[in-house]
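Everything below concerns the one structure shown next.
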Amino acid sequence: MNKKSFSFRREERLKSRKTIDKLFRNGQSFGQFPLRVVWMEMETPMGSSPVQFALTVPKKKFKRASDRNRIRRLMREAYRLQKPQFYSHLPEQLEQLAMMLIYTGKEIPDYQTVEIAMKQLLRRLSKKCQKSTR
RNA sequence: UGUUGUGAGUGCCCUGUCGCGGCUGCACCUGGGGAAUUUUCCCUGAGGUGCGGGUGAGGAAAGUCCGGACAACGUAGAGCACUACACCAUCUAACGGAUGGGGUCUGGUUUCGGCCAGGCACAGAAAGUGUCACAGAAAGCUAUACCGCCGAUGUUCUCGUUUGCGAGAGCAGGUAAGGGUGAAAACGUGUGGUAAGAGCGCACGCAUUGCCGUAGCAAUACAGCAGUGGGAUAAACCUUGUGGGUUGAAAUGCCACGUACACUUCGAUCUCCUUUGUAGGAGGUCUGGUUGCUCGCUGGGUUGACCUUGGUCAGUCGGAGGGGGUAGGCAGAUAGAACCUGAUCGUGAGGUCAGGUCUAGAUAAAUGACAGGGAGAUACCUCGGUAUCUUACAGAAUCCGGCUUAUAGCUCACAACAAGCU
């Protein structure tokens with residue numbers, strides 16, 4: 001879709017409070033340690049991006065803001081680099097996917113572990129999407 | 001020289017690839033407006049994309065503990081309540097902060113004059129109330145006297161007797177010298193005095209209050225005179241003095257979207273006066289208003305119809321409730337009590353002047369990831385390499401000034417300890 005495949009723009013971010021509420025109420029989810037994803041298909045797509053995406057790190061487990069920032073940035077970087085592959089495996093008839101990534105681990109990870117987990121998670125997610133759309 | 005502690009400073013650097021948020025230049029696309037006219041031109045700069053340029057976390061961004069700026073709350077005030085502060089002067093926009101000085105306490109040192117270091121919510125206990133464990137007789141205006149001392153005075157008994165009185169024992173009583181208890185026992189030492197004693201008198205001293213003088217801007221210090229001798233506690237209540245309006249950027253203003261001339265319920269809708277009349281005024285009442293209460297001030301409503309003349313209905317104003325919608329954009333909001341350098345004034349905090357710099361502005365929230373090199377640290381050790389690590393505390397959210405707390409390694413200063421050298 002995008003020529004510069006590794007970018008991460010504004011329209012790819014999930015911002016609306018309404019859709020986030022809906023996502024947590026109706027969305028499906030599964031875990032891939034140390035990550036967990038909540039996802040659903042959106043009825044009315046916002047913008048041209050095939051996926052809207054958000055990240056969170058629970059405040060309960062990481063009290064300091066700097067730790068939360070670090071984990072969020074690692075996750076975002078991993079997603080950014082995996083994104084083009086993930087997009088190419090999504091089914092054509094899917095309008096737009098909303099998803100939220102939650103970090104469920106208890107310690108600050110290094111980039112390698114986040115990258116591996118992200119790869120696995122995105123592969124599983126794309127398969128599930130193909131199943132559900134057929 | 002090393003170790004430890006305290007305080008201050010610093011808070012890894014460079015290159016490449018990919019990526020993010022503002023700003024900015026150019027090009028293109030979408031859009032808006034105008035002219036002309038049937039497809040061209042001009043203006044505008046809202047949004048997007050691409051390629052450049054430049055910029056992007058801290059010394060505490062933290063805790064949210066003080067003080068401001070700024071904003072809203074229609075509008076004078078007064079009292080009470082509440083609350084903060086409390087030696088003096090200075091600095092500052094301001095402060096509960098800082099600087100300098102004074103007093104006091106503790107420790108060290110001393111040539112006994114002081115000197116050094118550290119602490120102090122450092123107004124009042126001589127306005128009042130309360131409290132003071134255990135021990136002790138007693139924990140506070142005139143002390144209900146445990147041991148002790150005395151027993152002058154009054155009185156009882158015994159003995160002696162020169163019949164006046166004397167001696168002894170006891171009781172009433174006196175006594176805060178001494179002992180004992182305690183963190184603390186009603187100024188200290190000496191002397192007079194007395195039955196024994198006591199600031200009861202006196203001398204010297206100590207503390208404290210008032211007045212006056214000298215030095216100092218002042219706190220205060222020193223000296224004199226007069227009075228007084230009252231334990232501690234105000235981080236117990238309290239008293240005195242000084243200050244404080246409240247709420248905080250989720251403030252606030254504007255634009256867009258959207259219900260809605262909508263629903264339920266409660267309160268008020270009264271009286272009198274002036275006037276030809278429109279209308280105006282006074283009181284009452286309901287209600288709003290810069291936190292609470294009271295007073296004051298002040299804004300708004302108090303209209304009309306029916307009619308059995310005090311009710312009904314409608315309207316108006318205000319309060320409460322429920323339901324529905326939105327939760328987007330712009331301003332606030334990033335040039336400032338700003339930072340750097342120099343001069344100058346001041347013991348200092350800091351002030352003034354000159355020159356230079358532009359230095360984050362996100363909003364489901366940017367400031368990142370990877371690779372290589374340098375530099376540094378730690379461990380091993382063949383003293384030159386190898387291995388590991390990039391570290392601590394920690395992430396702007398309206399902005400400033402402080403305070404407090406956290407902090408690896410390195411640098412500096414001071415203190416203590418240990419070893420060595422002269």
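One interatomic measurement links the two molecules: OH of Y79(A) to C1' of A369(B), which rounds to 17 Å at whole-angstrom precision. A straight line from CG of L101(A) to C1' of A364(B) spans 14 Å, rounded to a whole angstrom. A366(B) atom P lies 14 Å from atom CE of M75(A), rounded to whole Å. Rounded to whole Å, atom P of A362(B) lies 17 Å from atom CZ of R72(A). Rounding to whole angstrom units, CZ of residue R68(A) and P of A394(B) are separated by 13 Å. Regarding R64(A), its CZ atom lies at a distance of 15 Å from the C1' atom of U405(B), rounded to whole Å. Rounding to whole angstrom units, CD of residue Q82(A) and P of C18(B) are separated by 18 Å. Here the C1' atom of nucleotide U390(B) and the CG atom of D110(A) are 15 Å apart, to the nearest Å.
Side chain of R80(A), nearest nucleotide from G19(B), A394(B), U367(B): G19(B).
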Could you list the donor-acceptor pairs under 3.5 angstrom formed by side chains in residues 113-124 of chain A, with sequence neighbours left out?
{"unit_1": "T113(A)", "atom_1": "OG1", "unit_2": "D110(A)", "atom_2": "O", "d": "3.0"}
{"unit_1": "T113(A)", "atom_1": "OG1", "unit_2": "D110(A)", "atom_2": "OD1", "d": "3.3"}
{"unit_1": "R124(A)", "atom_1": "NH1", "unit_2": "G31(A)", "atom_2": "O", "d": "3.3"}
{"unit_1": "R124(A)", "atom_1": "NH1", "unit_2": "Q32(A)", "atom_2": "OE1", "d": "2.8"}

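Both distances falling under 3.5 Å, in either a Watson-Crick or a G-U wobble arrangement, place U390(B) opposite A375(B). When both pairing distances are held under 3.5 Å, U341(B) makes a Watson-Crick or G-U pair with A354(B). Pairing partner, A408(B): none, since no Watson-Crick or wobble contact has both distances short of 3.5 Å. Across all strands shown, A221(B) forms a Watson-Crick or G-U wobble pair, both distances under 3.5 Å, with U214(B). Nucleotide U6(B) forms a pair with A413(B), judged by Watson-Crick or G-U wobble geometry with both contacts under 3.5 Å. The pairing partner recorded for A117(B) is U106(B), the criterion being a Watson-Crick or G-U wobble arrangement whose two distances lie under 3.5 angstrom. Look at G201(B): its Watson-Crick or wobble partner, with both distances under 3.5 angstrom, is U191(B). Across all strands shown, the partner of G385(B) is C380(B), judged by Watson-Crick or G-U wobble contacts whose two distances both fall under 3.5 Å.
Scanning both residues, P58(A) and Y103(A), for their nearest heavy atoms gives CD-O, 3.1 Å.
In this structure R70(A) satisfies the side-chain hydrogen bond (donor to acceptor under 3.5 Å, both in side chains) test with no other residue, sequence neighbours excluded. Partners of R73(A) according to the side-chain hydrogen bond (donor to acceptor under 3.5 Å, both in side chains) rule, which considers only residues two or more places apart in sequence or in another chain, do not exist here.
For the P atoms, the distance from U99(B) to U92(B) is 16 Å, rounded to whole Å. Atom P of A396(B) sits at a distance of 30 Å from the matching atom of G54(B), rounded to the whole Å.
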N/O-N/O pairs, protein side and nucleotides 56-64 of chain B side, under 3.5 Å:
{"unit_1": "A57(B)", "atom_1": "N1", "unit_2": "R73(A)", "atom_2": "NH2", "d": "3.4"}

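Screening residues 54-64 of chain A for side-chain hydrogen bond (donor to acceptor under 3.5 Å, both in side chains), with sequence neighbours left out, gives R64(A)-D67(A).
Inter-residue side-chain proximity for L55(A) and R76(A) is flagged as met; some heavy-atom pair is nearer than 4.5 Å.
RNA chain B is contacted by Y111(A) of residues 111-123 of chain A, taking any non-hydrogen atom closer than 4.0 Å.
Shown here, G329(B) is classed anti by the O4'-C1'-N9-C4 or O4'-C1'-N1-C2 angle, which is more than 90° from 0.
Cluster membership for F30(A) and Y79(A), using ILVMFWY side-chain heavy atoms within less than 4.5 angstrom, is shared.
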